Amino acid sequence: MKKELINKAYEAMKHSYSPYSGFRVGAALLTKSGKIYTGCNIENSAFSPTCCAERTAFFKAVSEGEKDFSAMAIVGGKSGETSEFCYPCGVCRQVMAEFCNADFEIILTNGKDIKAKKLSELLPESFKL
Ligand code: THU
């Protein structure tokens, strides 16, 4: 399952629209029912409208009625070079915390090794209203 999710993230990275940073990211989000939603980063010349790959995937899924998630794979790097682990930014971690439990799994790879982190490790004591 981890491998399949990672492969989907690599596929999504091909669609990255990142002409300003050159940093290409792909994400693949697994629902508890076994569906996969993918996303890439989509940049904008005004910079702040840029959306990360992770949030693209979450917003696609939530907008189609999904709310139960078990894992997300993320790959990325400068010019699509993915030899380093690509951790999700703080904003995307907060979006994960909105929809996912502490045991939501974040799967990362540097092309050689695979790391799996719990959301509670990447965003402990997160903000909740
Ligand atoms: N980016 C992501 O897609 N996900 C992250 O978690 C961090 C950053 C994107 C946003 C922007 O297009 C580029 O990487 C450089 O910040």
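Each ligand, and each atom within it, is numbered from 1 in the order the structure gives. One is the number of the first residue; the rest follow in order along the sequence. Quantities reported herein were computed from a predicted structural model and do not represent experimental measurements.
- Separation of the Phe69 and Phe58 ring centroids falls under the 6.0 Å cut-off.
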Which is it for Ser21 and Glu43 under the side-chain hydrogen bond (donor to acceptor under 3.5 Å, both in side chains) test, yes or no, and what are the steps along the way?
CA-CA 8 Å; Ser21 73; Glu43 297 187 345; 2.5 Å; yes
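- With a 6.0 Å radius and a threshold of 12 heavy atoms from other residues, nucleotides or ligands, Glu84 has its CD atom at or below the threshold.
- Under a cut-off of 6.0 angstrom, the local environment of NZ in Lys60 is crowded, with over 12 non-hydrogen atoms contributed by other residues, nucleotides or ligands.
- Judged by distance alone, with hydrogens and angles left aside, the side-chain atoms of Thr50 form a donor-acceptor pair with the main-chain N or O of Asn44 at under 3.5 Å.
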List the steps, then state whether salt bridge (charged side-chain N to carboxylate O under 4.0 Å, His left out) holds for Lys35 with Glu66.
CA-CA 9 Å; Lys35 278 204 231 166; Glu66 302 285 352; 3.1 Å; yes
Enumerate the pairs of nitrogen or oxygen atoms, one from ligand 1 and one from the protein, separated by less than 3.5 angstrom; state names and distance to 0.1 Å.
from, atom 1, to, atom 2, distance (Å)
ligand 1, 3 (O), Ala53, N, 3.0
ligand 1, 4 (N), Glu54, OE1, 2.8
ligand 1, 4 (N), Glu54, OE2, 3.4
ligand 1, 6 (O), Glu54, OE1, 3.4
ligand 1, 6 (O), Glu54, OE2, 2.7
ligand 1, 6 (O), Cys89, N, 2.8
ligand 1, 12 (O), Asn41, ND2, 2.9
ligand 1, 12 (O), Glu43, OE2, 2.5

